[in-house]
2 protein chains.
Amino acid sequence: MVPRNRVTSVQFRQLALIRVVNCEAGEILVAKKQRQKATLAEVAAMAEVDVSTVSRVLRGQSEQRIRAETRDRILEVANKLNYRANYTARALRMSRTFTLGIVVPQLDNPVFSAAIRGAENVAAQNGYSLLISHRDPGDAGTTIAKLSQMNRVDGLLVASLDADEVLRSDLAEANVPYVLLNRQLPGTALSVVLDSREAARKATEYLISLGHRRIGHLGGRSGGFNAQERLSGYKIALEAANIAFDPSLVTMGDYTFSAGRESVRKLAKTDATAIMAATLVSAAGAMAELRLGGWQLPGEMSVIALHDAPFAEMLFPALSTVMMPTEEMGRVAADLLIKKLSGAEPEPVLALPPGRLIVRDSTVAPRSHARISK
Amino acid sequence: MVPRNRVTSVQFRQLALIRVVNCEAGEILVAKKQRQKATLAEVAAMAEVDVSTVSRVLRGQSEQRIRAETRDRILEVANKLNYRANYTARALRMSRTFTLGIVVPQLDNPVFSAAIRGAENVAAQNGYSLLISHRDPGDAGTTIAKLSQMNRVDGLLVASLDADEVLRSDLAEANVPYVLLNRQLPGTALSVVLDSREAARKATEYLISLGHRRIGHLGGRSGGFNAQERLSGYKIALEAANIAFDPSLVTMGDYTFSAGRESVRKLAKTDATAIMAATLVSAAGAMAELRLGGWQLPGEMSVIALHDAPFAEMLFPALSTVMMPTEEMGRVAADLLIKKLSGAEPEPVLALPPGRLIVRDSTVAPRSHARISK
DNA sequence: TTGAAAGCGGTACCAG
DNA sequence: CTGGTACCGCTTTCAA
């Protein structure tokens with residue numbers, strides 16, 4: 001009944017034992033052995049038990065069903081051999097990689113790197129690792145599809161700056177659970193976002209409290225989810241203060257430095273005395289351009305931005321901001337995804353409230369006599 | 001001879017065929033099937049050939065040994081089923097993951113994110129993917145060890161800010177080939193570094209060419225590899241201009257904003273008219289602190305930094321820099337590692353020469369009468 | 001040119 | 001409480 005060329009486990013154990021014994025001949029060899037990856041079978045052989053027993057012991061589950069003596073012996077051997085389970089083999093067998101993928105549009109962006117940090121922590125706490133992937137705007141959908149189709153991840157955390165349609169079709173390719181990060185997609189699964197609206201409201205409200213009445217808004221891509229939210233928060237704050245909304249004070253660009261520069265030129269022609277910018281980088285662009293135009297900052301123009309990062313403090317004048325819980329966003333998203341992977345119910349969409357207002361040097365009360373625009 | 005409970009491949013093929021045929025009953029099911037991960041066996045069954053044949057065809061090698069007709073049929077089926085090889089299974093079988101790990105101390109650092117980008121490109125070109133991992137300064141060695149011991153990567157790209165000893169022992173845990181990034185470690189394998197010395201020399205030389213004679217240096221951690229190199233480049237430039245080296249003009253800190261602030265206080269008490277800073281961030285700290293102290297920038301103090309990133313332009317005054325080929329560094333390192341994995345000879349250590357000098361607004365000729373320090 | 005079968009290193013079910 | 005064994009999905013000899 002025993003197939004040809006097939007060693008029974010008893011035979012194998014003996015074979016392996018010989019190997020092990022040989023190794024023990026010299027300590028050097030043993031040391032070398034520790035460097036190598038020991039397999040379950042080797043541990044089993046050396047402990048003189050079956051692989052299945054070793055597996056049970058090492059996985060720690062159903063511990064009560066194993067004689068303490070046996071367990072200790074196995075543990076000792078495993079330790080001596082510096083045994084580590086082979087990740088690949090386990091993943092294949094269990095059809096689970098215990099890896100979460102996180103796809104971000106850029107790495108050197110405090111928002112995403114903070115989110116990654118948060119996600120990584122939660123992942124680690126739950127025995128998952130995080131496969132970071134940054135998706136250049138060019139490679140349409142490949143990243144998302146690749147990660148999931150190659151069975152490399154159990155689930156995906158997706159941050160995207162793409163248009164709804166593009167993102168939707170990318171996501172369709174993924175055949176793993178996912179949760180969206182910093183972004184909503186109508187009619188789609190879970191997503192964790194920051195409450196940009198409230199943040200924008202808060203920032204605008206602060207400018208109003210300083211006495212500003214003509215407040216410009218440097219927005220993001222007009223189609224974008226967060227851009228809409230921020231604009232809406234801006235309007236809410238104006239309304240609450242009985243200030244009429246003036247479309248000419250709003251400019252939408254993308255979130256880059258140069259877009260900030262360009263956009264602010266339009267605002268510079270108005271009688272605005274303050275600007276609420278969507279991001280640190282666009283605020284930086286705005287301030288740079290204004291300075292170039294000879295404006296006194298913050299005297300002639302107050303600037304506040306959403307999100308906070310060390311970068312805000314490095315600008316001149318140091319930028320006032322409304323903090324955003326970006327790391328928390330990563331944590332929450334990872335938590336949601338892991339719950340989902342454990343078969344839990346899809347929970348409702350969350351919007352994390354903004355953090356504190358950080359007043360630095362870029363915001364002051366308006367001058368009594370507004371400067372004549374240049 | 002056939003083991004019990006074992007389906008021969010013929011039997012299995014039939015079983016699978018039944019499944020496939022059933023699926024084809026409705027297009028909806030076929031569509032659904034495409035979403036799922038099809039296995040080799042399923043493709044084989046549907047194409048009515050053996051899995052090994054499918055494998056051969058799909059891997060594209062030894063193509064000539066397969067009848068065109070067969071190959072076409074297989075390709076068609078694979079395509080219809082949207083077949084993707086299971087990464088895990090392949091990795092297990094081949095004992096290779098075709099994944100490179102890259103370990104960096106921080107993600108939101110233009111130096112490392114550029115290196116990652118470069119490494120990723122080269123990796124992709126060679127059929128590898130990149131597993132990005134950031135190692136918090138706290139978790140001693142675990143990251144490096146984990147990645148390799150879990151058999152998740154074939155090789156490692158390691159950027160580290162740790163002390164030699166720490167790094168050395170971490171590396172000892174890794175049982176995969178690795179190459180060091182942005183850092184050398186005496187007596188250790190391959191590493192790819194930037195020529196910081198030459199960059200520092202170039203930056204200093206530029207300040208000298210503007211007429212500065214009393215030039216301060218804002219250095220990095222005094223033990224660090226790059227810090228030494230930069231200091232040395234600074235000295236070389238001075239010497240070439242017959243300017244005596246004055247230790248009181250050199251301050252070593254770490255690379256943070258606040259370290260930049262602190263360090264510059266010492267320099268502010270000297271008669272220095274210019275500063276060569278190790279990094280953008282420390283330069284930013286220095287400028288912030290000087291401004292706070294009432295200095296006119298750049299009039300009373302010129303500042304230049306090593307490395308270039310969008311960030312430099314956002315500062316005020318916009319920072320002059322010497323570009324560093326950080327993305328190239330990632331590319332070269334990945335290339336080296338891949339060569340090593342293919343069994344090639346360990347090539348010599350490289351130092352990539354700095355890029356262009358970018359003159360922005362932070363560097364001007366010294367005033368004829370140096371300001372009395374405050 | 002194609003098929004059969006032996007694993008890679010685990011996990012988990014089923015016996016005993 | 002422990003052993004035996006059938007896979008997970010793929011690659012790679014070895015035969016036919």
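Just so we're on the same page: letters track the sequence lines, and every chain starts at 1. These numbers come from a predicted model, not from an experiment.
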For this session: May I have the distance from A:D50 (atom CG) to C:dC14 (atom P), rounded to whole angstrom?
Result: 17 Å
Seminar exercise, completed: Considering only heavy side-chain atoms of B:R67, the closest of D:dT11, C:dG3, C:dT1 is C:dT1
Problem set entry | Donor-acceptor pair present, B:R56 side chain and C:dG3 base, under 3.5 Å | yes
Problem set entry | salt_bridge(A:R331, A:E327) N-O dist < 4.0 Å | yes
For this session: For A:A68 and for A:S95, find the nucleotide of DNA chain D with the closest heavy atom, then tell me which residue's nucleotide is more 5'.
Result: A:A68
Exercise. Is the NZ or CZ atom of A:R96 positioned over A:F98's six-membered ring, under 6.0 angstrom from the centre and within 45° of the axis?
Worked result: yes
Exercise. Is any side-chain N or O of A:Y87 closer than 4.0 Å to OP1 or OP2 of C:dT11?
Worked result: no
Seminar exercise, completed: Between CZ of B:R73 and C1' of C:dT1 the distance, given in whole Å, is 12 Å
Problem set entry | Whole angstrom value for the distance that separates P of C:dT11 from CG of B:L92 | 12 Å
Exercise. Quick one: A:R93 CZ to D:dG9 P, roughly how many Å, whole number?
Worked result: 10 Å
Problem set entry | Integer-rounded Å distance: D:dT11 P and B:I66 CD1 | 13 Å
Seminar exercise, completed: Rounded to the nearest 0.5 Å, the CD1 atom of A:I132 sits from the OG atom of B:S133 at a distance of 7.0 Å
Problem set entry | Nucleotide nearest B:S52 when distance is taken to its side chain, options D:dT5, C:dG3, D:dC10 | C:dG3
Exercise. How would you label the contact of B:A91 with the nucleic acid (heavy atoms, under 4.0 Å): base, sugar-phosphate, or nothing?
Worked result: nothing
For this session: Ignoring the backbone of A:T53, work out which of D:dT11, C:dG10, D:dT2 is nearest its side chain.
Result: D:dT2
Problem set entry | Nearest-Å distance for atom pair CD/P, residues B:E42 and D:dC10 | 9 Å
For this session: Looking at every strand, decide which applies to A:T70 at a 4.0 Å heavy-atom threshold: base, sugar-phosphate, or nothing.
Result: sugar-phosphate
Exercise. Would you say B:T39 reaches D:dG9's phosphate, i.e. side-chain N/O to OP1/OP2 under 4.0 Å?
Worked result: no
Exercise. How many Å lie between CZ on B:F98 and C1' on D:dT11, as a whole number?
Worked result: 11 Å
Problem set entry | Atom pair distance, as rounded to whole Å: OH in B:Y83 and P in D:dT11 | 6 Å
Seminar exercise, completed: Rounded to the nearest 0.5 angstrom, the CG-OG1 distance for B:L58 and B:T53 is 11.0 Å
Exercise. For A:R84, which contact category applies under a 4.0 Å heavy-atom criterion: base, sugar-phosphate, or nothing?
Worked result: sugar-phosphate
For this session: For C:dT11, take OP1 and OP2 only and decide whether either is under 4.0 Å from a side-chain N or O of A:R90.
Result: yes
Exercise. Would you say B:D154 and B:Y128 make side-chain contact, with heavy atoms under 4.5 Å?
Worked result: yes
Seminar exercise, completed: Against the side chain of A:R59, the closest entry in C:dA12, D:dT11, C:dG9 is C:dA12
